[in-house]
Amino acid sequence: MKCVLYCVFFVLLWITPSTRVCASHQGIPLSVVKLWASAFGGEIKSIAAKYSGSQLLQKKYKEFEQSVRVEEIDGIKLVKKLAGKMEQMFHKKSEAMKRLVEAAEEAHLNHEEDNELQYEYFNAVLINEMDEEGGSLEMGGEFILQPNEHFNNLSVNLSLSVVQVPTNMYNKDSAIVNGVYWSEALNKVFVENFKRDPSLIWQYFGSAKGFFRQYPGIKWTPDEHGVLEFDCRNRKWYIQAATSPKDVVILVDVSGSMKGLRLTIARQTVSSILDTLGDDDFFNIIAYNEELHYVEPCLNGTLVQADVTNKDHFRDRLDKLFAKGIGMLDVALTEAFELLSNFNETGRGSVCSQAIMLVTDGAVETYDAVFAQYNWPDRKVRVFPYLIGRESAFADNLKWMACANKGYFTQISTLADVQENVMEYLHVLSRPKVIDREHDMVWTEAYVDSTLEDAQGPVLMTTVAMPVFSTKNETRNKGILLGVVGTDVPVSEILKAIPKYKLGIHGYAFAITNNGYILTHPDLQPLYEEGKKRRKSSYSSVDLSEVEWEDKEDELRNAMVNRQTGSFSMKVKKTVDKGKRVLVLHNEYYYTDIKGTPFSLGVALSRGHGKYFFRGNISVEEGLHDLEHPDVLLANEWTYCNTEEHPEHNFLSQMDAIKLYFNGEPHLKCDKDLIQEVLFDAVVTAPLEAYWTSLTLNKSDRNSDKGVEIAYLGTRTGLSRFNLFVTPDQLTNQDFLTGEDKEVVFSADHFPLWYKRAAEQVPGTFIYSLPFGTGSENKSVVLASSAIHLLDERESPIAAAVGIQMKLEFFQRKFWTASRQCAALDGKCTISCDNDEISCYLIDNNGFIIVAEDLSLTGVFFGEAEGAVMSKLVSMGSFKRVNLYDYRAICRVYAQTSDTAHTLLHPYFALFAAVRWLLTEFVM
């Protein structure tokens with residue numbers, strides 16, 4: 001029977017500053033294990049300290065201690081300042097939309113409709129296409145496209161826009177040709193907007209007639225069947241801008257006459273109506289024959305929010321509808337009116353805009369008594385009948401209902417008619433806004449856009465949109481909606497307004513909508529299966545409570561939804577290293593609203609070092625001299641200078657921009673505080689370049705076997721330095737050079753993983769780990785890193801972090817050598833890890849194996865290799881079990897769930913209906 005020896009490699013050390021002995025089996029003297037741990041820990045820490053230069057860097061910061069000013073961060077002041085910067089950025093986008101609205105309304109005002117108008121325009125699908133004879137297709141023609149870096153190297157035309165027409169519409173229809181003709185006036189404004197604000201990406205006009213004008217011009221490609229399903233009028237930005245929030249009850253006739261194709265068309269009609277509802281709307285669906293059947297029985301007597309999850313749930317329930325019996329429409333109408341009235345009294349929903357959608361194949365009477373009792377004379381509820389089928393025997397009754405209740409009648413004969421006819425009700429609901437000239441600016445929550453897909457996958461966007469109205473005198477009182485203009489704003493641009501250096505190592509900023517949905521948050525995960533870059537179905541409806549789940553009472557969420565300004569604190573558990581490790585932090589939250597938008601901004605700062613900031617003082621000349629060293633890199637996603645505002649700066653690196661800024665470039669806007677601090681860090685860290693070089697050139701150095709490959713450092717200002725002790729082709733792992741693993745580099749919303757983990761350790765100690773990667777080659781190195789504190793106190797600001805990358809084989813060899821030592825006077829050791837009856841493991845502070853006799857166990861969780869021993873360690877208190885809930889995870893197998901209403905009442909409660917993906921980690 002084998003004895004198991006396990007030595008846990010902690011940063012918080014027991015015997016020496018780098019090792020801790022946790023236990024020993026009977027027959028293995030504890031003194032021997034302590035000896036091994038002491039020998040190995042002492043040597044490996046000495047190597048890490050020597051090659052990283054940690055002591056030298058700590059000394060250099062100490063030399064500047066007297067000239068440094070430490071400040072405690074005022075969270076409320078900080079979040080208000082950041083909200084102001086975001087408000088300015090959003091305001092620029094809004095102003096661009098206002099110019100488009102003015103141009104569109106003026107162009108339409110000056111246009112006279114001509115049913116015979118013939119006009120050739122650039123159709124997004126047909127441009128640059130050739131016929132069989134080599135000529136250009138009609139509505140196509142030559143359209144110059146050039147790759148543009150700002151649009152992720154897509155081929156675009158910055159001078160012209162293109163027009164997309166849905167496949168089910170005729171691109172020469174008179175209404176479309178006239179609309180395309182007068183909207184050509186937008187081209188000039190598109191170009192001017194882009195010149196004023198080069199950070200703009202897509203600008204567009206979605207017409208109420210169905211066509212979509214997009215700038216810059218780009219070629220659209222149909223699917224393999226030659227179909228383009230895109231209809232701008234179905235998009236959230238269009239619906240939100242065109243209509244006010246509304247409460248809707250959908251009545252579906254399931255009497256015997258609805259059998260067959262009619263019921264199929266009815267289901268599709270209801271599904272299309274659901275497509276037109278957004279997160280600000282509430283709805284329910286009731287099927288009726290001689291009885292009433294709520295499509296979701298558990299939601300009897302209430303309305304639910306029209307978010308993605310709820311709409312998909314109801315769509316699934318539509319397939320369970322069957323036609324039989326006779327239709328009692330009077331009972332269904334009575335239920336719908338009472339439902340809307342009762343819901344209105346709760347103060348939830350839209351309060352003012354309510355509608356009944358009636359999907360039926362006929363009505364035997366007009367049901368005056370029902371309308372007289374519930375809807376006249378105020379007619380607060382609009383009625384929209386959809387007559388299913390070709391027969392028109394009962395059309396007059398349904399038309400009368402629509403006219404008597406400020407609605408609109410539509411007949412849907414085939415499945416092909418559904419899409420266009422359902423859209424008609426939006427024009428009616430938009431009339432009050434048009435008549436009152438309410439050019440409300442709307443913003444959507446975050447969604448995934450695949451058009452600008454980059455190396456990291458689809459891009460997160462938000463959209464700002466405004467409605468466009470007819471201003472002609474003869475149509476002013478009719479309230480005619482011409483369409484909606486909009487522009488997309490990448491979330492990455494929003495992050496540029498949030499300087500990461502002001503938030504600290506674990507700090508972050510986040511923004512949510514007035515519905516509690518996330519606009520940006522570092523834990524937002526819209527994609528899964530990293531290699532395939534697939535998006536989640538509910539990517540646009542992630543509630544704040546799903547990521548800040550420790551806030552059990554929703555205090556933070558509710559305060560931000562109500563657009564309050566204030567603070568909040570709680571303990572949180574944050575996963576790092578691809579979810580395999582946990583950091584337990586105490587966060588202080590500060591929040592306020594962003595004026596002119598439906599968004600609220602929050603900032604999270606970790607207690608301790610995260611609440612402090614320091615300012616150094618150095619001359620510009622000295623700082624620039626050291627900043628220009630070839631081993632210096634700046635965080636690629638941080639904005640030291642804004643190089644996007646003026647075209648002549650677009651191709652500048654941040655380093656070149658800083659130089660140009662100090663040369664007096666008047667049009668270059670830079671973050672003065674950040675630049676001053678990065679110059680200070682450049683000076684303080686400069687001596688490490690010479691120190692590392694001397695180690696590399698020292699032939700008598702103990703690194704002759706090239707065990708240590710890289711030394712690295714990073715500072716709080718995003719400055720990095722690297723030194724290779726081997727040639728690039730000799731590197732075992734090149735992640736530090738390639739930046740392929742985003743967790744090990746500075747990004748817009750996080751510090752490197754090694755920096756974050758080192759910050760939570762005792763000053764002067766090193767943290768060791770194997771990088772977790774997708775391939776086995778990533779297990780071939782060990783990283784050791786340590787934080788550099790400005791002051792001696794634990795809550796001192798952390799100035800930098802340093803570390804080394806060493807070969808795993810080198811690291812393991814040091815351990816096996818140490819395990820052969822003993823205290824015997826004759827030097828003959830009877831116990832070592834070479835003994836067949838002993839199994840030795842070196843595990844890190846999260847329970848992952850770094851060294852084992854079986855090389856295949858390297859990087860494996862210790863509990864998988866020695867479950868009984870791991871359980872004993874947990875019971876002894878050496879490790880602690882931490883439960884984490886990931887409400888955004890996707891499970892491969894979906895369990896059958898029982899019907900429940902409570903989960904659908906609000907997106908917050910909806911998360912409890914999702915399958916919980918339980919992540920259990922072990923941390924010290």
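Every value quoted in this text rests on a predicted model; they were computed, and no experiment measured them. These numbers come from the heavy atoms of this one structure, side chains and all, not from hydrogens, waters or symmetry mates.
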Is the shortest distance from a Lys or Arg side-chain nitrogen in [X] or [Y] to a carboxylate oxygen in the other one below 4.0 Å?
X	Y	result
Lys45	Glu43	no
Glu644	Lys496	yes
Asp577	Arg757	no
Arg813	Glu809	yes

[atom1] ([X]) with more than 12 external heavy atoms under 6.0 Å:
X	atom1	result
Lys62	NZ	yes
Glu149	CD	no
Glu71	CD	yes

Got a sec, which residues hit ring pair (Phe, Tyr, Trp, His ring centres under 6.0 Å) with [X], two or more places apart in sequence or on another chain?
X	answer
His646	His649, His667
Phe614	none
Phe751	Trp638, Phe746, Tyr755
Trp816	none

Using the test side chain to side chain donor-acceptor pair (under 3.5 Å), find all partners of [X] that sit at least two apart in sequence or belong to another chain.
X	answer
Ser199	Lys93, Asp197, Glu493
Asp729	Thr727
Lys669	Glu645
Thr717	Asp681, Thr715

Sub-4.5 Å side-chain heavy-atom contact between Val576 and Leu583: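 Sidechains of Leu583 and Val576: in contact.
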For [X], which residues count as a side-chain contact (heavy atoms from CB on, under 4.5 Å) partner, sequence neighbours excluded?
X	value
Asn636	none
Ile73	Leu78, Leu605, Phe613
Tyr508	Phe510, His521, Pro522, Glu548, Lys574, Asn587, Tyr589, Ala604
Val683	Phe64, Ile618, Glu622, Asp626

[X] and [Y]: which non-hydrogen atoms are nearest, and at how many Å?
X	Y	answer
Thr693	Asn723	N-OD1, 4.5 Å
Val708	Phe810	CG2-CE2, 4.3 Å
Leu770	Val781	CD2-O, 3.0 Å
Leu56	Pro687	CD2-O, 4.2 Å

Flag, side chain of Glu637 to backbone of Ser747, donor-acceptor distance under 3.5 Å: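 No, the answer is negative, given that no donor and acceptor are paired below the 3.5 Å cut-off.
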Return the orientation label for the His629 and His625 ring planes: parallel under 30°, perpendicular over 60°, tilted otherwise.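 Correct class here is perpendicular.
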Derivation and outcome, side chain to side chain contact (heavy atoms under 4.5 Å, CB included), residues Leu719 and Leu633: CA-CA 6 Å; Leu719 179 146; Leu633 296 175; over 6 Å; no
Dump the intermediate steps for side-chain hydrogen bond (donor to acceptor under 3.5 Å, both in side chains) on Tyr501 and Glu677, then the final yes or no. CA-CA 10 Å; Tyr501 76 99; Glu677 297 313 308; over 6 Å; no
Close aromatic pair by centroid cut-off 6.0 Å: Phe862 and Phe848: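 Aromatic pair excluded; centres sit 6.0 Å or further apart.
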Aromatic ring centroids of Tyr712 and Trp754 under 6.0 Å?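 Here the rings of Trp754 and Tyr712 have centres that are less than 6.0 Å from each other.
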Pairwise distance CG(Leu652) to OG1(Thr643) - rounded to 0.5 angstrom: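 Those atoms lie 6.5 Å apart.
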When rounded to the nearest 0.5 angstrom, what distance separates CD in Glu65 from CG in Leu790?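 With rounding to 0.5 Å, CD (Glu65) is 6.0 Å from CG (Leu790).
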Do Glu743 and His750 have side-chain N/O donor and acceptor atoms under 3.5 Å apart?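 Their side chains do not contain a donor-acceptor pair, so the 3.5 Å distance test is not met.
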I'd like to know whether Ile44 forms a side chain to side chain contact (heavy atoms under 4.5 Å, CB included) with Met806, so could you lay out the CA-CA distance, the side-chain angles of the two residues, the decisive distance to 0.1 Å, and finally the verdict. CA-CA 11 Å; Ile44 208 69; Met806 59 188 118; 4.1 Å; yes
Could you walk me through whether Ser832 and Arg820 pass side-chain hydrogen bond (donor to acceptor under 3.5 Å, both in side chains), step by step? CA-CA 5 Å; Ser832 77; Arg820 297 186 183 99; 5.6 Å; no
